[in-house]
Amino acid sequence: MENIKEVILCKFGEVVLKGTNRGTFEAQLLRDVKRRAKLIGNYNVRCAQSTVYIEPKDEAAEAALDAMYAQMGKVFGFAGLCRAASCEKNLEAILETAKAYLPDQMRGVKTFKCESKRSDKMFPLSSPELSGEVGGAILEAMPHLTVNLYEPEVVVRIEIRDEYAYIHAGQDRGAGGMPLGSAGKGLLLLSGGIDSPVAGYMMMKRGMEVDCVHFESFPYTSEAAHEKVMQLAAELTEYCGKIKVHVISLTHIQEELRDNCEEDYFTLLLRRFMMKLASRVAAEQNCHVLVTGESLGQVASQTLKALCVTDDAATCPVFRPLIGMDKEEIIRISRQIGTFDTSILPYDDCCTVFTPRHPRTQPELEKVVAEEAKVDVESLLDEAWGTRTTEVFYQEI
Ligand code: ATP
Ligand code: MG
């Protein structure tokens with residue numbers, strides 16, 4: 001399309017509901033957009049009228065507009081986005097641009113209608129008049145189309161905004177949610193399973209910055225299992241840009257529990273150790289909450305009573321964004337965010353090391369705490385804490 005200036009318009013979602021804090025939310029949203037823009041090319045990014053405008057500054061950036069558009073679909077805080085042709089704010093330019101730009105956008109379409117919106121009320125035509133003019137031009141350029149005001153396949157929008165006019169044929173849904181970094185920081189307990197990456201994504205979507213802690217158990221768990229979890233963390237950077245993973249070894253703790261405590265309580269005791277260690281990481285890394293991928297009733301350690309026993313060991317609130325979701329719903333999100341294929345790689349997690357044959361599903365806290373007292377909790381925690389290593393991942397394109 002010669003001479004057509006194509007841009008991306010991203011429209012705010014919930015951010016528009018914010019009052020005096022709105023400026024902060026907008027700044028956080030723009031930071032995410034600009035970080036991604038830098039990875040892809042040379043774009044001008046600006047914000048006006050609840051919309052972020054992304055304009056290519058050179059030919060390479062124009063050519064990479066598809067990739068940029070895909071990235072904008074992952075920015076939390078946008079309700080909708082579209083690609084649009086921009087032109088001068090006069091009728092002649094608008095009609096010419098519509099005729100040149102829309103045939104490509106409307107391939108295979110049979111019915112349409114036009115809607116116009118004028119943020120600039122100085123524009124000489126009324127919205128219905130402008131829609132009529134553009135509709136006429138479209139019919140001239142694509143005589144096979146018909147107008148359908150009630151159930152059109154495509155709504156062509158003409159927006160007369162501050163500096164330019166924009167024309168586009170349909171918008172896509174944005175990622176929704178709140179801008180990244182607008183909701184404090186949490187610590188995700190990241191396993192190699194399907195659930196925890198989804199839990200992390202859900203919290204990121206609500207604006208939470210997420211660090212991770214992963215527990216492993218060499219030599220009972222393998223190098224491949226470690227790599228799988230690191231890959232999941234790297235995949236999550238698609239949504240958050242950067243992610244830190246703290247890795248802690250539970251090997252000695254697991255051996256001590258195996259050797260000293262009643263087998264039926266093994267998983268619950270291990271989960272309490274995870275919570276205690278995660279709480280330490282959270283305190284050190286300024287995370288306000290723990291986040292897990294637990295879902296009510298999914299396994300023995302996720303009955304109501306078991307969750308209460310686990311919760312008791314944490315020293316900060318535990319968020320469980322998947323608590324009310326079925327596995328099928330979780331899998332759907334997992335596929336959608338791109339972590340599913342990695343999650344189903346068949347490597348053992350430390351939870352599957354020494355698993356009890358008859359795990360307690362209705363545990364009493366006092367009984368669990370009494371079992372726990374059979375090992376030296378504090379020194380085991382200190383020892384595990386000493387094994388901690390950290391890896392950091394950045395989004396790559
Ligand atoms: P996922 O829940 O991620 O699919 P899973 O089902 O194997 O993995 P569960 O045994 O259900 O894991 O554990 C519940 C939650 O506990 C996980 O979602 C995760 O938040 C946390 N968790 C389990 N194992 C680990 C681990 N090795 N390291 C860190 N967190 C873990
Ligand atoms: Mg699970």
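Computed from a predicted model, the values in this text were never measured in an experiment. Numbering of ligands and ligand atoms starts at 1, following listing order.
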Using distance alone, determine whether I194 and ligand 1 share an N or O pair under 3.5 Å. yes
Within ligand 1, which atoms have a heavy atom of V213 less than 4.0 Å away? 29 (C)
Would you kindly check if the NZ (Lys) or CZ (Arg) of R335 is within the cone defined by 45 degrees around the ring axis of F340 and under 6.0 Å from the six-membered ring centre? yes
Applying a heavy-atom cut-off of 4.0 Å, say which part of L188 lies close to ligand 1: side chain, backbone, both or neither. neither
Among side-chain atoms of Y53 and N44, is any donor-acceptor pair under 3.5 angstrom? no
Where the closest heavy atom to atom 15 (C) of ligand 1 is concerned, which of R271, K327, Q302 has it? R271
Atoms of ligand 1, numbered as shown, that sit under 4.0 Å from any heavy atom of L189: 19 (C), 20 (O), 21 (C), 29 (C), 30 (N)
Proximity of F12 and F25 rings by center, below 6.0 Å: no
Will you find, in the side chains of E294 and Q298, an N or O donor that is under 3.5 Å from an N or O acceptor? no
Can the positive tip of K374 be found less than 6.0 Å from the middle of the six-membered ring of Y265, inside 45° of the ring normal? no
Side chain of S196, backbone of L190: donor and acceptor closer than 3.5 Å? no
Distance-only N or O hit between ligand 1 and F215, under 3.5 Å: yes
Could you tell me whether some N/O pair between G293 and ligand 1 is separated by less than 3.5 angstrom? yes
Among L9, D32, L81, find the one that has a side-chain contact (heavy atoms from CB on, under 4.5 Å) with M72. L81
For T292, the ligand 1 atoms with a heavy-atom partner under 4.0 Å come out as 20 (O)
Could you tell me whether ligand 1 has any atom less than 4.0 Å away from a heavy atom of E216? no
Under 3.5 Å: N/O of P197 near N/O of ligand 1: no
